[in-house]
Structures are given as C-alpha cells and as structure tokens.
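Input: a single structure, listed below in structure tokens.
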Amino acid sequence: MTDKIRVRFAPSPTGHLHIGGARTALFNWLFARRSNGTFILRIEDTDTTRSTDEYIEAIIEGMKWLGLDWDEGPFRQTDRFDIYRSYADKLVKEGRAYYCYCSPEELETRRKESMAQGRPLKYNGKCRDLKEPVPGIQPVVRFRMPVEGQTVVDDLIKGRVSFENEQLDDLIILRSDNTPTYNLTVVVDDVDMKITHVIRGDDHLNNTPKQIQLYNAFGYPVPKFAHLPMILGSDKARLSKRHGATSVMAYYELGYLPEALVNYLVRLGWSYGDQEVFTRDELVEYFSFENVGKAAAVFNPEKLLWLNSQYIINSSPERLAGLVMPFLEKGGIIEKGQGMDMRWLSRAVGTLRERSKTLLELANSLRYFIAEEIEFIEKAKDKFLNEKSRDLLAALKEALASVPEFSHDELEKVFKSVVEKHGVKLKDLAQPVRVAMTGGTESPGIFDVLEVLGKEKTIGRLERAIKEIV
RNA sequence: GGUCCCAUCGUCUAGUGGCCUAGGACGCUGGCCUCUCACGCCGGAAACACGGGUUCGAGUCCCGUUGGGAUCACCA
C-alpha cells in the first residue's frame, strides 16, 4: 500500500488571497480530496517585514468562502525557526553549507558587473572555502551546490525538465540575522510534514532543482512535483491589479458565487472533454493532472460572469434570497437589521433570477419590488406615461379592483380583457404598466411583477402613474 | 543577457498519427420565442505561429526559427 497523499497550500501573508493563489489552493484541494489525501495549510511568513496577521486572516477568509477546507494547520513558519536553524547547522557541520561574509552591497556590485558583461548572475564562491571567520561581520549561511552533473525534475504536468548543476547558485539559507530563507523553510517543512506532492505555480519551476539538492543533502526522498501554468491578464502579462479585481474577496463583493469562481478557476488550465459546468463532486471525481494543460492561460472576466449567471439561474430562489440580503443592506435598499419576509423575497428573486448575472445586479433589480416609492427614468416616463396610456391605466386599475385572486393567470385574464375592450395590443398596456410599477422599461414578465407586488402596491403605483400624466 | 517553460478561433479549450471538411464554451453576430429585458432555441464569422524533417499519412512525433511567459534577492 502506498503512503497516504499529503499536499499543502503555502501562501505568504503579504497580501490578500488572489486569483492565482486561489487556483493553486484549489488544485491542491482537488487532488487531496480526489485521492483521499490530506490537505495542509501552511503560512510562509518568514519575511517578517512584509507579513501581517491581517493578511493571514484575509487568506483564511478567502479559503473559507471558496469552500477549500484544510485538514491540518494553519501552521506558521515563524513558529518553527528553531527547526530550520537546526537543519541549517547540520548542513554546516557536514560541510554542505558554509558561512559567507560578503556584504549585500558587495554582492549587488558584482551582480551589476555580471549583468553588464552578460555573464550569468551567480554568486562567485568567494567565501566557499574560507577557513577562518571574518571578525566583526555576522555571516549568512550558504548552501554548497554541486558544480557538476544535472538535476532532473520529473514534473507531473511539465514532464521531464533537466537543469545543469553549474547553473545552480549557492543559495543563502540563513540570513545574517539568523532567520531562515524560503528555499530552506519550504524544503524542511515539506520534509517535516511528509508532503508527497508539491503542487504550485510554475514560477517555482526554476527553484525546484535547488530544492531537490537540498532534499538530497538532508537525505530525504524528493516529493512529486506538479507545476501549474500561470494565469495572465488580457495583455498576456502576469495577472495584476491593472487587470481588474484580483483578490478573491473582491469577487464576493461584486456578487459572485463561490462555486462559479471555483468552476471558472479550475477550467483555466484543466478540462474534462467539452464539459463547462461542474458540481463540486464532479470536480473531485474527475480531477487529474493528466488533463492539466501546460500553457499559461489568460483570465477572461466575461466567461466568469457567464458562469456566475449560470450558477445563479440554477440556485434556488430561497438560497439566493439569503445571499442577496447583505447586498440589499449595502445598497441601502433595506435598512440594516430591518425585518424581511423571506418567503416574499424569494418570490421576487425567482422572477429576477435569470436576468441577473451577479448578486449585486439582483439586489439592484430588487429595489423596485422593495421600495415604497419608485423613481421614474425620465425617458421611460415620457415615452409610456402619456395621454395615450392614461385611459388604459385607469381601466386596468378599475378592472383590478374586482380581480378574484392576484395571481399570474388571473392578472393575465384581466389584461387581456382590458386590451380587447380598447382594441389595442398587449404591449400597449404592458409597457406603461411596467413603467408605472418599476419606473423603467425592463423587468420580469408584467404579470409576475404585479403578482409579487400585490394588489395594494399595484393599485397605488397605478394611481401615482396616472397622476404623473396630468 | 543566462537558464527554464510554453505555442489550436479574440479568450478558455477538445484533439495522445488516419474518426479533423479541426469539435465545444465565452464573447461577437443573424434569426426564432416575446408584454420589455433577459433566459432558451436555431444559424454565422472566427484558429492548428512559421520553416524543415520523420511517416503511406502530421494539429498530433523530431529539429530549427519566431513569438510569449517565468526566473536569476539576506522576497516567497
């Protein structure tokens, strides 16, 4: 029996959970769930100057919203400094790492020189074979890379990738303040946490041979790697704020459903034949690295929007009614803490479901259902509330007074009879009524609008519209 | 610049040597449905980057070119 699969998502808390990170987390989660493995959340906060607790919270918030639950953690690397130091000390004792006394300025100068001369930007090995410490300087610890041979990364997505060891730099594993750097912590933790598959963005592919050398130095087996292609913006540059919303929670604010984002993100780089819309269970069942593409993908907000509309259409009005409440409050459509008849709201939502691409849109459309007083769009008022429609509206108002039941079907009968009596088309009545009810010219079917509004509000709005004409 | 990765419609992609007259989806677009707007349905335009090989046969395999991306920190 093979060992249980263990994967991890290891963000650094120097910003919110963004689209790219979320996708990495998602693929890890999918793979773990698919293979009955363990999903670990590890916070890589060794850059203490840029990491904050607020961002840790923000990342956790984003993961929870997306429904990416983890089995272990969150672990924080800052809680584990002693472990990293002991590993580093071990390497120094074995001669696989050494103290380096070169100053950052010195290194910077040499880098610039190398750049100018077109040579590879690599540490020159000045302190590699130093016998005596240099007094008065706090050294860093560098890992001694092999200078010959190749290191091969057997990647689940990219295939076999080979690097010349002479290209590998003697990387710093301990800073002069004795804190560990990324390449040390990531290897030590992956070893310590028994990670079997490292799934991350392919911007890490170039780090991988160095890390493999570290595994070798520690005498630990190398995990399997899967390097996901990057997500790009519309200009094919790495996705950034310039391209619009990049933080996951920004999509919450915009009125997206988490399952829509998840579905979109997973289809960015992964496919399952021609299928576009997946349930979470299907995703878990179908996921495989074999179907992950190698090429970077451009983030396409339009398709995400379409997916969101699909998920909204397929959500129950009851669920949507609950989800839209915060948006109603934020939009000032209802007062915070104001009571709401959720059954009624669900009916209103039901009429709007297939014409709202986001919860934000849905909330805004709900405005005319909920508000006591509607506001007219001038153009709509001018076009439909006029001499021509006044008598029709008045006739409808009168006919409505005696309607047995304020339902779609009964209302349709009333409309038909009014229209017939006046010798006009349905739309000649429907549009003025629509403006009277909603203030504008776009809405759900007019019988549905009236049914949801109810008799009292309908009559009231009819009266007001008639007054507007005079 | 060195190293590494990548390359099918505008975008996400199917394609694992003959099933490809290159399929689906978003977007765009023509029409239908219709009380408006949507939803839905039917149709259309739209791609194998280029050049060499290999093969009876190449979008699919190999090489090169071009183009894009990543990375080269006492960041992660």
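All figures in this text were calculated on a predicted structure; none of them were measured in a lab. In what follows, every chain begins at residue 1, and chains take the letters A, B, ... in the order their sequences are listed. Quick note: numbers below take in every heavy atom, side chains included, and nothing from hydrogens, waters or symmetry partners.
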Pair A:Asp192, A:Arg42 - check salt bridge (Lys or Arg N to Asp or Glu O under 4.0 Å), show working. CA-CA 12 Å; A:Asp192 203 58; A:Arg42 182 172 80 216; over 6 Å; no

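- One C1' atom belongs to B:G18, the other to B:G57, and the distance between them is 7 Å to the nearest Å.
- Applying the 4.0 Å criterion to OP1 and OP2 of B:A14, one finds that A:Ser271 has a side-chain N or O inside that range.
- Taking the nucleotide of RNA chain B with the nearest heavy atom to each of A:Asp45 and A:Ala296, the more 5' of the two is matched to A:Ala296.
- Ring geometry for A:Tyr286 versus A:Tyr272: interplanar angle under 30°, hence parallel rather than tilted (30 to 60°).
- Residue ring and base: A:His204 counts as stacked with B:A76 (centre distance below 5.5 Å, interplanar angle below 30°).
- Rounded to an integer number of Å, the gap from A:Leu228 CG to B:G69 P is 19 Å.
- B:U29 sits 11 Å from B:A46 when the C1' atoms are compared, rounded to a whole Å.
- A cation-pi arrangement, defined by a distance under 6.0 Å to the six-membered ring centre and an angle within 45 degrees of its axis, is present between A:Arg23 and A:Phe27.
- The base-pairing partner of B:G1, taking Watson-Crick or G-U wobble contacts with both distances under 3.5 Å, is B:C72.
- Between A:Arg238 and the phosphate of B:U71, there is a side-chain N or O to OP1/OP2 separation shorter than 4.0 Å.
- The one candidate from A:Asp45, A:Leu41, A:Leu17, A:Ile60 that meets the side-chain contact (heavy atoms from CB on, under 4.5 Å) condition with A:Pro11 is A:Leu41.
- No N or O donor and acceptor, one from the side chain of A:Arg355 and one from the base of B:C39, sit under 3.5 Å apart.
- One finds no side-chain N or O of A:Gln150 lying less than 4.0 angstrom from the OP1 or OP2 phosphate oxygen of B:C4.
- With a 3.5 Å ceiling on both atom-pair distances, B:C19 lacks any Watson-Crick or G-U wobble partner.
- Remark on RNA chain B: of its neighbouring residues A:Asp169 and A:Ser162, the 5'-side contact belongs to A:Ser162, judged by nearest-heavy-atom nucleotide.
- In this model, the phosphate group of B:U11 is approached by a side-chain N or O of A:Lys236 to a distance below 4.0 Å at OP1 or OP2.
- With both ends at atom P, the span from B:G24 to B:A45 equals 12 Å, rounded to whole Å.
- The residues A:Asp170 and A:Arg128 are annotated as salt-bridged, a charged nitrogen and a carboxylate oxygen being separated by less than 4.0 angstrom.
- By the 4.5 Å heavy-atom criterion applied to side chains, A:Asn165 and A:Gln213 are counted as neighbours.
- One N or O donor and one acceptor, one from the side chain of A:Asn207 and one from the base of B:A76, sit under 3.5 Å apart.
- Within the shown strands, nothing qualifies as a pairing partner of B:G59 under the Watson-Crick or G-U definition with both distances less than 3.5 Å.
- Partner assigned to B:C41 is B:G31, using Watson-Crick or G-U wobble distances below 3.5 angstrom.
- Of all nucleotides present, only B:U66 satisfies the Watson-Crick or G-U wobble test against B:A7, with each distance under 3.5 Å.
- In this model, a side-chain donor or acceptor of A:Glu276 finds a partner on the base of B:G24 within 3.5 Å.
- A:Val298 comes within contact range of the sugar-phosphate backbone alone, with a heavy-atom separation under 4.0 Å but no base atom that close.
- The side-chain tip of A:Arg8 does not point at the ring of A:Phe39 from less than 6.0 angstrom away and within 45° of straight on.
- With P as the reference atom, B:A7 and B:C61 are 10 Å apart, rounded to whole Å.
- B:C5 and B:G17 have their C1' atoms separated by 25 Å, given to the nearest Å.
- One C1' atom belongs to B:U16, the other to B:G10, and the distance between them is 27 Å to the nearest Å.
- For the P atoms, the distance from B:G40 to B:G27 is 9 Å, rounded to whole Å.
- Residue contacts for A:Ile446: at a heavy-atom cut-off of 4.0 Å it reaches a base atom on one of the strands shown.
- Put simply, A:Arg111 has a side-chain N or O that comes within less than 4.0 Å of OP1 or OP2 on B:A73.
- Look at A:Thr46 and you'll find a side-chain N or O under 4.0 angstrom from OP1 or OP2 of B:A76.
- Looking at A:Thr441, its side chain has no donor and acceptor atom pair within 3.5 Å of the base of B:C37.
- Applying the 4.0 Å criterion to OP1 and OP2 of B:C6, one finds that A:Lys294 has a side-chain N or O inside that range.
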